[in-house]
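What follows is a single structure, written as structure tokens, with notes after it.
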Amino acid sequence: MTTFVFCCNMPKQVNITSKSSLTSAGVKLSVLILASRILGLLREMTKAAFLGTSAYADAFGIAFLIPNLFRRLFAENSISVAFIPTFRGYLENSASSGSRKETQDFISATFTIVSFLTAVFVTAGIIFTPAIAGLFYNKSSMQVLPETVLLTRIMFPYLFVISTAAFFQGILNGMNIFSPSGFTPILFNGIVIAATYILSPHTANPARAMAIGVTAGGCIQAIFQLPFVLKTGWHISFMPLKNAFHNKGSRKVIALVGPTIIGMAAYQLNDIVSTALAGKAGTGIVSSLQYSLRLQELILGIFAVSIASVMLPDLSGMANRQDWKGFNTMLTQAIKIIILITIPVTFYSLVSGKEIISLVYKSNRFTDESVKLTLTAFRFHMAGMCFIAMNRIIAPAFYAQGNTKKPTLAGILGFVVNIVLAAVLVKPMQGGGIACALSAASLANTILLFVFLKSTPTIAVGSVVKSSLVYIIRLTVLSVIASVPVYLIRPYIIMGCTGHTRIISAGVPVVVTAVIFAGIGILLLAITHDPLATTVMRKIVRKH
């Protein structure tokens, strides 16, 4: 069998023992993720401007959801929870033995398997798209089904290229190289936005232009990372499929991925079932939920994803070295950072949500009704943001020890909670009921993860839980105090800005109330001598 290889001429010995601290590496990655999330928000603003909460907006949302399900199933999660810990083990063995062959064989085997499985799923997905897309519509909305089928088939190849990009990211992150992978979403969002503006005049509707941009953006994400992978000295190559499945390392990855896929399938089924319920609840519900989630993910992506990405390799190394004291310290610190960020942002968003949504999305196609639909979902989504972020921090504590079964079980039970509540609440509350169900399920998932941590003797779960709960209560009280003046002043600011352009009528209230809220919050943190905030401020002052 022919072997295809991308490689550098002169492999480099990479120092895998040097590690960036959680703070410094997290800040660097956060800057890139901040830029990508802002562009992601601009992508949604572009969608809102071209599609609003129309049937075409719902069709695009459903079409993108389907390949996205398999992307998360095969790519991001599987690579992070299975490939990176295994790869780290190979790297440490290579460093001690001086031999690179076993590590290279493992990389080639994993790449072969990922490519084969995703190619199979893309082919099957394109064939069975009509049957899959039909699940999201009732008889009264079937007229948009053909467009959904076409959009899905345009975007299904995105699964293959983004899985390749995720594999490259796994290699880089496993070697504590985060910046190239952090930059690729910026490229993706930029390409989707550009494609929408450039191609929309030449396509039947703007949704098709966006779909073409999605697939093109996925290709660029993979291509951009390849040179950085090659600079590490590792080859990207195929091997015979039989050899790939018999490789010791790839079999370990499959064993880890197996239960993870079940758990992730449960988690992704949340999206599928929720979207199906939303699609049948009325026009605009699907897209309004997605607009709301994009705002929520702006915060989650900046902090939760970046901290989790930096944590996993370090936690894996600590677990291999049996450094459980450092393990517990890092986990507790990361959870507290998430609480410090998400609790205040949640309270501010609950008070000023309407102005935020109007500022970001409102246009000729995104009407007052669109704002109302999105606000209903947004308030419930924000109520659960802290728990969603914490789940992304707690789960790596299991993965770093090679334990994927317990987070999987927590995900399945959370799925059950979400689907039951969504089915009950969607009729009386529409999109708000689906968003409420997701937040409640995230809380249940957080509780279950902490319960399962209790059976892990290496983690001082009692101390972590107590410390986290006390900090949540503390930040909740401070956030309520900071919210009261904003709530009282807000109507007068809005009244003074009414009748002007969107930037003035919505932007000024958002900026003024945010400054007031942040100022009061910082003052309260200083008065109460918050230890985490004090540490951060000392580091900032020291740098200057």
Side-chain angles (χ1 to χ4, degrees), residues 39-71 122 125-126 128-138 140-159 161-162 188-220 271-272 274-276 278-295 297 360-367 369-370 373-374 377 431:
L39 274 174
L41 188 60
L42 289 174
R43 189 188 80 203
E44 287 300 294
M45 292 169 67
T46 301
K47 177 184 168 185
F50 279 86
L51 299 172
T53 51
S54 65
Y56 282 134
D58 288 350
F60 177 85
I62 291 169
F64 191 33
L65 173 73
I66 295 171
N68 233 12
L69 161 70
F70 296 107
R71 170 184 69 85
V122 166
I126 291 173
F128 294 107
T129 291
I132 299 170
L135 299 173
F136 296 87
Y137 294 101
N138 52 30
S140 63
S141 56
M142 279 294 181
Q143 66 273 12
V144 78
L145 178 60
E147 186 65 27
T148 306
V149 170
L150 176 61
L151 293 174
T152 306
R153 283 175 166 165
I154 291 173
M155 288 188 281
F156 237 118
Y158 168 75
L159 167 63
V161 292
I162 202 62
F188 172 79
N189 288 318
I191 290 167
V192 174
I193 293 168
T196 305
Y197 279 97
I198 294 170
L199 299 179
S200 286
H202 309 289
T203 55
N205 58 70
R208 296 186 187 181
M210 290 195 77
I212 294 169
V214 166
T215 301
C219 293
I220 297 301
D271 285 349
I272 289 179
S274 297
T275 303
K280 295 175 181 180
T283 300
I285 303 297
V286 170
S287 52
S288 67
L289 285 166
Q290 292 178 342
Y291 290 130
S292 170
L293 283 171
R294 172 55 60 183
L295 289 173
E297 288 174 357
V360 172
Y361 293 127
K362 196 171 182 183
S363 62
N364 290 335
R365 293 182 183 269
F366 200 93
T367 62
E369 180 61 26
S370 300
L373 282 174
T374 305

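Worth knowing before you read on, the calculation uses all heavy atoms, side chains too, and leaves out hydrogens, waters and symmetry mates.
Nearest approach of Ala377 to Gly431, heavy atoms of both residues: CB-O, 4.3 Å. The minimum heavy-atom distance linking Val149 with Ala133 is given by the pair CG2-CB, 4.1 Å. Here the closest non-hydrogen pair linking Pro201 and Tyr197 is CD-O, 3.5 Å. The shortest non-hydrogen separation linking Gly213 to Ala195 is CA-CB, 3.6 Å. Taking each heavy atom of Asn189 and Gly40 in turn, the nearest pair found is ND2-N, 3.4 Å. Here the closest heavy-atom approach between residue Glu44 and residue Tyr291 is recorded as OE1-CD2, 3.4 Å.
Proximity of a side-chain donor or acceptor of Thr215 to a complementary backbone N or O of Ile212 within less than 3.5 Å is not detected. Side chain of Thr196 to backbone of Val192: a donor-acceptor contact under 3.5 angstrom is found.
Counting only heavy atoms from C-beta outward, the side chains of Phe136 and Thr275 approach each other to under 4.5 Å. Counting heavy atoms from C-beta outward, Arg153 and Pro130 have side chains that approach closer than 4.5 Å.
Taking the ring axis of Phe366 as reference, the NZ or CZ atom of Lys47 does not stay both within 45° of it and closer than 6.0 Å to the ring centre.
The CE atom of Met155 lies 12.0 Å from the CZ atom of Arg208; values are rounded to the nearest 0.5 Å. One finds the CD1 atom of Ile132 at 12.5 Å from the OG1 atom of Thr148 (value rounded to the nearest 0.5 Å). The line from OG1 of Thr374 to NZ of Lys362 is 12.0 Å long, rounded to the nearest 0.5 Å. Considering CG of Leu151 and OG1 of Thr129, their distance stands at 10.5 Å, rounded to 0.5 Å. Ile154 contributes atom CD1, which lies 10.5 Å from atom CD1 of Ile126 (distance to the nearest 0.5 angstrom). With rounding to the nearest 0.5 Å, the separation of CD1 in Ile191 from CZ in Arg43 is 12.0 Å.
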message = Pair Leu42, Leu39 - check side-chain contact (heavy atoms from CB on, under 4.5 Å), show working.
response = CA-CA 5 Å; Leu42 289 174; Leu39 274 174; 3.8 Å; yes
query = Should Phe188 and Tyr158 be marked as a ring-ring contact (aromatic ring centres under 6.0 Å, His included) after you check the CA-CA gap, both sets of side-chain angles, and the distance that decides it?
reply = CA-CA 11 Å; Phe188 172 79; Tyr158 168 75; 5.6 Å; yes
Sequence neighbours excluded and cut-off under 3.5 Å, please list the side-chain donor-acceptor pairs for residues 49-64, or say none.
unit_1	atom_1	unit_2	atom_2	d
Thr53	OG1	Ser370	OG	2.8
Ser54	OG	Leu51	O	2.7
Ser54	OG	Tyr56	N	3.4
Ser54	OG	Ala57	N	3.3
Asp58	OD1	Ser287	N	2.9
Asp58	OD1	Ser287	OG	3.0
Asp58	OD2	Gly284	N	2.8

